[in-house]
Amino acid sequence: MEQNQILKRYGTDYKKMTKELLEAADLIGLISDHDCRIGIKPNLVAPADASWGATTHPEIVAGIIEYLQDHGCRNLVIAEGSWVGDRTEESFEVCGYWKLSEQYGVPLLDAQKDTHFTKDCDGLKLELCSCVKDIDFLINVPVLKGHCQTKITCALKNMKGLLPNTEKRHFHAMGLHRPIAHLAKGIRQDFIVVDHICGDLDFEDGGNPVVKNCIMVSRDPVLVDTYVCGLLHYGIEEVPYIQMAEQLGAGSTDLEHAKIGVLAEEGTYYLEGSAIWDEELPYADKVVAVQDLVQEVESCSACYGYLLPALDRLRKEGLLEQLGEKICIGQGYRGKHGKLGVGNCTSGFDFCVKGCPPTETEIYEALKRYIVLGTLTQEKRY
Ligand code: SF4
């Protein structure tokens with residue numbers, strides 16, 4: 001497979017589709033030493049079934065493992081760390097990865113329990129999980145999704161799962177885009193298999209899956225994310241980390257010279273011009289509908305990612321119009337005062353939904369009490 005290629009396959013037999021794509025891309029031809037340690041990095045952001053639209057379908061990872069084992073690769077590991085606030089162990093269980101591990105004899109590595117080391121990632125020092133050092137060939141298996149802070153999340157941002165939790169929080173304090181771009185130089189992705197089966201186009205933790213039944217493969221994470229931007233109706237300038245990563249030499253945003261192919265029963269055909277947008281995806285509007293109510297400063301993904309769906313639930317119940325003030329969230333509010341905040345970082349506020357992070361349901365219930373009763377106190381009934 002060439003560096004400027006993206007290959008897509010539509011269908012519902014996800015394991016078979018994955019194996020066909022890997023054969024067509026000649027993945028094995030890219031792995032020079034079949035005894036090397038091959039890492040598979042899914043997206044298991046939180047313990048939620050893949051049908052929810054947030055996590056990588058285990059059938060895709062099963063397809064990758066079967067393909068590699070059929071070609072004599074035995075030194076495999078599945079490495080992942082869920083977001084701050086959820087335990088990877090639980091995600092492995094709920095998402096079906098313990099079962100995969102037993103079935104194929106591939107160990108699971110919980111990055112949240114790993115040690116870490118400092119690496120200079122092209123001018124920015126980042127803390128990375130130690131497992132990164134032992135992986136010789138990395139296969140990234142992100143979910144194509146929307147994200148309430150960065151608009152999209154796919155190949156580049158998925159590498160955040162191989163950071164210790166302290167560094168994940170620190171990323172938000174650094175503004176997310178710059179460190180995500182530098183991370184692309186700190187952890188090299190050798191191959192990407194995109195789960196575009198039913199990702200949620202608004203929220204990283206799912207809940208509103210949009211079924212497309214597509215899997216894509218590529219060698220260039222920047223090219224993949226550029227294509228995803230277009231599919232989700234964003235201009236590339238709206239997701240700054242993509243061009244930053246290109247400037248650092250992590251890949252190319254040149255869609256014009258990319259070869260985007262569709263693997264079909266009768267063979268592969270290539271898409272040209274505007275035909276590269278061969279699928280219709282709805283506009284993500286749930287975040288826009290509620291984000292004006294929030295003042296966010298350096299919030300962690302989980303905290304913000306739980307707040308917005310909670311607000312969306314309140315919006316659907318017609319309660320948000322009664323909310324008289326903005327909701328503050330994020331590490332930037334530590335030690336500060338204000339009226340209404342979400343997360344322990346706003347514990348100095350008059351009203352604070354406690355937790356680090358509080359869950360979507362905790363936020364929803366607390367804000368509902370606040371709107372209806374003017375208090376966060378739990379004893380009262382509404
Ligand atoms: S309370 Fe603060 S540190 Fe904890 S998850 Fe929320 S933003 Fe991050």
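No experiment lies behind these values; they were computed from the predicted model shown. Counting starts at 1 for both ligands and their atoms, in listed order.
A donor-acceptor contact under 3.5 angstrom links the side chains of Asp195 and His57, judged on distance only. Side-chain polar atoms of Asp202 and Asn208 form no donor-acceptor pair below 3.5 angstrom.
Seen from the ring of Phe117, Lys133 counts as a face-on cation partner, given the 6.0 Å and 45° thresholds.
Among pairs with a residue in residues 267-321, those fulfilling ring pair (Phe, Tyr, Trp, His ring centres under 6.0 Å) read Trp83-Tyr306, Tyr227-Trp277, His233-Tyr283, at least two apart in sequence or across chains.
Ionic pairing of Arg219 and Glu2 is not present here: no N-O contact between side-chain nitrogen and carboxylate oxygen is shorter than 4.0 angstrom.
Within the structure, the closest approach of Gly355 to ligand 1 falls below 4.0 Å when heavy atoms are considered.
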Q: Go through Arg315 and Glu321 one step at a time and tell me if the salt bridge (charged side-chain N to carboxylate O under 4.0 Å, His left out) criterion holds.
A: CA-CA 8 Å; Arg315 180 184 66 82; Glu321 286 125 45; over 6 Å; no
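Taking every non-hydrogen atom of Arg334 and a distance limit under 4.0 Å, the qualifying atoms of ligand 1 come out as 3 (S).
Under a 3.5 Å cut-off, the side chain of Lys145 and the backbone N or O of Asp205 do not form any donor-acceptor pair.
Protein N/O/S atoms closer than 2.8 Å to atom 8 (Fe) of ligand 1: Cys300 SG.
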